[in-house]
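These notes concern the structure reproduced below.
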Amino acid sequence: MSVIVWFRQDLRLADNLALAAAVETGEPILPVYILDKEAMLGGASRWWLHGSLEALGGELEKRGAPLVLRRGLAADILPSLVAETKASAVFWNRCYEPTAIARDTTLKASLAASGIAAKSFNAGLLAEPCEVQTGGGGPYKVFTPFWRSLAARAPFAAPLRAPKNLRGLAGIASDDLSRWNLRPAKPDWAGGLRTAWRPGEKHAAARLSYFLDELVVGYATMRDLPAVEGTSRLSPHLHFGEISPRQVWAAADAVSRTTPEASSGVMSFLREVGWREFTHHLIYHWPEMVDHAWKPEFEDFPWAHDDALLSAWQRGRTGYPIVDAGMRELWSTGYMHNRVRMISASFLVKDLLIQWRHGAEWFEDTLVDADIANNRAGWQWVAGSGVDAAPYFRIFNPVTQGEKFDADGQYIRRYVPELVRLDNRYIHRPWEAPSAMLAVAGIELGATYPKPIVEHARARARALAALASIKKG
DNA sequence: GTCTCCTTTTA
DNA sequence: AAAAGGAGA
């Protein structure tokens, strides 16, 4: 007899309820990770996954239960592992994306039908989608009431410690992680990712501590400045489950108790954790939101498909420095500061009138924290096609946003070296700079750096007209 | 029905 | 100062 622990987006030992439950049974444990051959993981996510599995595998091995890697479909692999190991149970922590729910529901039924105890747990959210309801019994559609209702459930269960020792099973074949080719080889484009990130549970915990010790005090104001290290940068760790939201909550809450001057920073940080909960809540209750606009009238939106413009956006060659800096940060580090995500997303959807789904797909290809719920709900927020009653004027101005949040152009200069010598006054609008100043800075618009691919004022008017054209009534 | 409120906005 | 429209109590 033995218990299989199926790891998915919970690549950690601490506060892992499925693992803890398996330990509790007293049976030998077989930890397994299955690389779904049908899952379309983006390149940056694949890179991260390699590091995360390497770290998890090392820790499990140290404790006596090495991680077994298999590739294929869980529906094929788990039953065959059950047979191979004479397992009596399979435990896992729940995921909330529609495709994962469909897969897990079927699997649970078929395992149960063959007499296997298939048990799932919540180790990924502070509260599961069905646990947070409006007074009328339905799901929330507005963040603030959702957040109030979620926060009222605190304190949350205390996070569990990692098990010290595990009883493993010997002789179960595993794939070789390096053969999965999750890391890019030819060419190896992951240099920027390696510089920016350290995947794995240990690094997730270290990052949380560092953030709470050094940054959270200033979080409320610094979090909006892309040039500054002011955010937690925990998103990829949370996405892969190297750290749990309960661990984050507990640690942040403890800081605000011991350090009152940090409490407002902690509050605004936890609110962002609340946004992660909210997007998972939305995607759970409206799974069609993953691929379709939540607001049906957006089916008729006059999108302007243009591959050349899409590609200019993807490559960071729009001629708007804040957008280009963001897109290049994404390309080189697998990450983009949240403020800039909003600006560049608004630019794609409103200024270029390109369907939000193209943007969402690009982000999922390139982000280390690519997360269906956060990403799709975020894009729909920007597009105005999501649940919130979006003001029609939710159109970011790339120049004023740049001037407001990157006043000295430090962020621009970091990622758009062509503009490094341009005077601050024009760093966010090089096309208005006097030609002598451009010459001194070594810039030739249209050659060394693009001219704006659209004129924002005109693009804004066009977006407003497009939005008006689909208005109900 | 009434009242309040709404991450990120714009000009 | 203005902005659409609706959620939530």
So what does [X] touch, heavy atoms closer than 4.0 Å: a base, only the sugar-phosphate, or nothing?
X       : answer
N397(A) : sugar-phosphate
Q401(A) : sugar-phosphate
R341(A) : nothing

Nearest-Å distance, [atom1] ([X]) to [atom2] ([N])?
X       : N      : atom1 : atom2 : value
D388(A) : dA3(C) : CG    : P     : 19 Å
E403(A) : dT9(B) : CD    : C1'   : 16 Å
W147(A) : dG8(C) : CH2   : C1'   : 18 Å
I343(A) : dT9(B) : CD1   : P     : 9 Å
L464(A) : dT9(B) : CG    : P     : 16 Å
L467(A) : dG5(C) : CG    : P     : 11 Å
E297(A) : dG6(C) : CD    : C1'   : 13 Å
F143(A) : dC6(B) : CZ    : P     : 11 Å

**Rounded distance in Å between the P positions of dA11(B) and dA4(C)** =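 Here dA11(B) and dA4(C) have their P atoms 16 Å from each other.
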
**Message:** Checking W379(A) against W356(A) for the ring pair (Phe, Tyr, Trp, His ring centres under 6.0 Å) test, could you report, in this order, the C-alpha distance in whole Å, the side-chain angles of both residues, the deciding distance, and whether it holds?
**Reply:** CA-CA 6 Å; W379(A) 274 93; W356(A) 60 270; 7.8 Å; no

With a cut-off of less than 4.0 Å, is there a side-chain N or O of [X] near OP1 or OP2 of [N]?
X       : N      : value
R394(A) : dA3(C) : no
Y140(A) : dA9(C) : yes
R339(A) : dT9(B) : yes

**Request:** Please determine which of Y449(A), Y320(A), Y426(A) meets the ring pair (Phe, Tyr, Trp, His ring centres under 6.0 Å) test together with W431(A).
**Result:**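 In the set Y449(A), Y320(A), Y426(A), the residue that makes a ring pair (Phe, Tyr, Trp, His ring centres under 6.0 Å) with W431(A) is Y320(A).
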
**Asked** When you measure from the side chain of R341(A) to the backbone N and O of M336(A), does any donor-acceptor pair fall under 3.5 Å?
**Response**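 Present.
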
**Item:** Donor-acceptor contact below 3.5 Å, side chain R357(A) vs main chain D291(A)
**Value:**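 The answer is yes, because a donor-acceptor pair under 3.5 Å joins these two groups.
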
Please report, to 0.1 Å, the donor-acceptor pairs under 3.5 Å made by any side chain of residues 263-274 of chain A, with sequence neighbours excluded.
from, atom 1, to, atom 2, distance (Å)
S263(A), OG, P260(A), O, 2.9
S268(A), OG, G265(A), O, 3.4

**Asked** How far apart are the C-alpha atoms of Y411(A) and F405(A), what are their side-chain angles, what is the distance that settles it, and do they pass the ring pair (Phe, Tyr, Trp, His ring centres under 6.0 Å) test?
**Response** CA-CA 9 Å; Y411(A) 179 72; F405(A) 297 107; over 10 Å; no

**Closest to side chain of F405(A), choosing from dA11(B), dT9(B), dA7(C)** =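 Selected nucleotide (nearest to the side chain): dT9(B).
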
**Asked** Taking the side chain of F396(A) as its heavy atoms from C-beta onward, which of dA7(C), dA11(B), dT9(B) lies nearest to it?
**Response**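 Within the option list, the nearest is dT9(B).
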
**Item:** Pair R257(A) + D253(A): basic N to acidic O under 4.0 Å
**Value:**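 Here R257(A) pairs with D253(A) in a salt bridge, since their nearest N and O are under 4.0 Å apart.
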
**Item:** Stem list, DNA chain B (Watson-Crick or G-U pairing under 3.5 Å, at least 3 consecutive pairs)
**Value:**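 As far as DNA chain B goes, consecutive pairing (with distances under 3.5 Å) yields the stems B:2-6 with C:5-9.
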
